[in-house]
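I have placed the structure first, in the form of structure tokens, so that the comments after it can refer back to it.
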Amino acid sequence: MKNLIALFFFLAPMSICFAQEWIKVDLEQTEYVYSNGKTCLKKTGEPLNGNYAIKFNRYQTNYEPFIDGLKNGEVSVYRNKKLSEKGMYQNNLKEKEWLYYNEDGTIRRRSNFENGLQEGTETDYYNGRIEKTSTYSKNHLNGWQSIYSISEPQELKEKAFFEKDRKTIGIRYRKIDSLNFTLSDSLFYDVHRKLILKKSFVNDTLLLQFNISYGVVIKDAYEIKTTKIEVYHGNKLNIAYLFPELDKYETEMRMRELLNYEFAYYTDVKKPRLLVSDLTRNNFNTTTFYRLYPADNLQSVIYHKGEDDSLPGWYYRDVNR
């Protein structure tokens with residue numbers, strides 16, 4: 001008998017939900033009053049009370065319960081007659097978990113809200129698998145975001161750390177299963193969203209790092225303002241490149257080429273080496289060579305779009321010599 005009573009109370013709300021009637025109106029028949037945040041009927045000016053099926057257009061209808069013009073209760077959004085999103089409102093503010101759906105009915109995203117602001121973990125799905133998780137605080141990306149491989153379940157592809165929507169750290173992963181190696185690049189940004197440091201790892205061993213400085217002044221025959229990239233093998237300074245900031249886009253393109261290293265390996269996997277990949281140029285033109293640190297044989301080069309003087313050794317550099 002107790003089980004029957006429990007079953008009744010479990011099914012009763014569900015029956016009421018299906019039995020409730022929805023008042024059908026077009027969006028043009030309602031208006032939102034900004035002074036008090038209420039939705040009213042245009043014709044009478046009365047706040048909406050009850051369950052309304054508001055037709056936005058021929059493709060979308062929102063099923064929304066109102067109390068004195070404010071959304072209160074579970075809201076469902078249908079697009080092309082299919083459930084698109086569902087969640088709770090309390091006094092016109094989103095609350096608790098919201099679900100977003102694909103056209104086939106599978107869940108596309110889960111989000112959480114407190115007092116109308118996104119809070120906590122948001123999860124995106126692709127074909128039923130977790131594609132991305134993001135951390136929110138008061139409607140801002142704040143914390144770690146993880147992106148997973150679509151082809152390999154649970155294989156982490158990228159991570160990023162955000163502070164109020166600003167990415168301060170980015171980490172990219174690539175696996176070479178045959179060598180049991182995981183390659184990762186950690187990217188660090190300043191408050192202006194400019195890249196200032198890149199670290200490249202094989203498993204947990206630091207192999208290469210790039211320190212990037214902007215607006216560096218070099219005094220030679222002339223004062224030249226440059227972007228400077230210092231390249232370290234592990235923690236040992238190896239070589240520095242300086243780009244004259246004559247053309248912002250030219251400098252950015254050359255920086256991307258310099259930073260776009262890929263790892264390759266000898267037969268002996270204990271001796272990794274670096275290769276430059278995806279170069280879009282056949283050569284680089286130079287105007288000046290500098291020997292800034294002769295004791296360490298550090299060569300800094302200022303690049304300039306000019307005559308026929310090209311930099312030797314640019315396209316392949318074996319850092320293990």
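Values reported hereafter were calculated over all heavy atoms of this structure, with side chains retained and with hydrogens, waters and symmetry mates removed.
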If the threshold is 4.0 Å, N to carboxylate O, is there a salt bridge linking [X] and [Y]?
X: Lys55; Y: Asp26; result: no
X: Lys38; Y: Asp68; result: yes
X: Glu64; Y: Lys71; result: yes
X: Glu131; Y: Arg129; result: no
X: Arg110; Y: Glu122; result: no
X: Glu103; Y: Arg79; result: no

Exercise. Taking ILVMFWY side chains as joined if any heavy atoms are under 4.5 angstrom apart, and letting links pass through other members, which residues group with Phe66?
Worked result: Ile23, Val25, Leu27, Leu41, Leu48, Tyr52, Ile54, Phe56

For this session: For side-chain hydrogen bond (donor to acceptor under 3.5 Å, both in side chains), just list the numbers for Asn203 and Thr205, CA-CA rounded to whole Å, side-chain angles, deciding distance to a tenth of an Å, and then say yes or no.
Result: CA-CA 6 Å; Asn203 293 341; Thr205 302; over 6 Å; no

Problem set entry | Check against salt bridge (charged side-chain N to carboxylate O under 4.0 Å, His left out), Glu158 and Arg172 | CA-CA 4 Å; Glu158 293 182 32; Arg172 301 181 301 216; over 6 Å; no

List the atom of [X], the atom of [Y], and the distance in Å for their closest heavy-atom pair.
X: Tyr63; Y: Thr61; answer: CE1-CG2, 3.8 Å
X: Ser200; Y: Leu206; answer: O-CD1, 3.6 Å
X: Trp22; Y: Pro65; answer: CZ3-N, 4.3 Å
X: Ser149; Y: Glu152; answer: OG-N, 3.1 Å
X: Gly37; Y: Leu70; answer: O-CD2, 3.4 Å

Atom [atom1] of [X]: over 12 foreign heavy atoms under 6.0 Å:
X: Asn235; atom1: CG; answer: no
X: Asp165; atom1: CG; answer: yes
X: Tyr32; atom1: OH; answer: yes

Problem set entry | Verdict with supporting geometry, Glu119 and Asn139, side-chain hydrogen bond (donor to acceptor under 3.5 Å, both in side chains) | CA-CA 6 Å; Glu119 196 76 33; Asn139 238 30; over 6 Å; no

Exercise. Does the side chain of Leu197 reach to within under 4.5 Å of the side chain of Leu187, using non-hydrogen atoms?
Worked result: no

For this session: List the steps and the verdict of side-chain hydrogen bond (donor to acceptor under 3.5 Å, both in side chains) for Asn62 and Gln60.
Result: CA-CA 7 Å; Asn62 289 15; Gln60 178 177 330; 3.0 Å; yes

Problem set entry | Test side-chain hydrogen bond (donor to acceptor under 3.5 Å, both in side chains) applied to Ser134 and Gln145, step by step | CA-CA 4 Å; Ser134 306; Gln145 180 184 80; 3.0 Å; yes

I want to check a possible cation-pi pair here: [X] against [Y], using under 6.0 Å from ring centre and within 45° of the ring axis as the test.
X: Lys175; Y: Phe181; value: no
X: Lys159; Y: Trp144; value: yes
X: Lys96; Y: Trp98; value: no

Problem set entry | By salt bridge (Lys or Arg N to Asp or Glu O under 4.0 Å) - contacts of Glu95 (at least two apart) | none

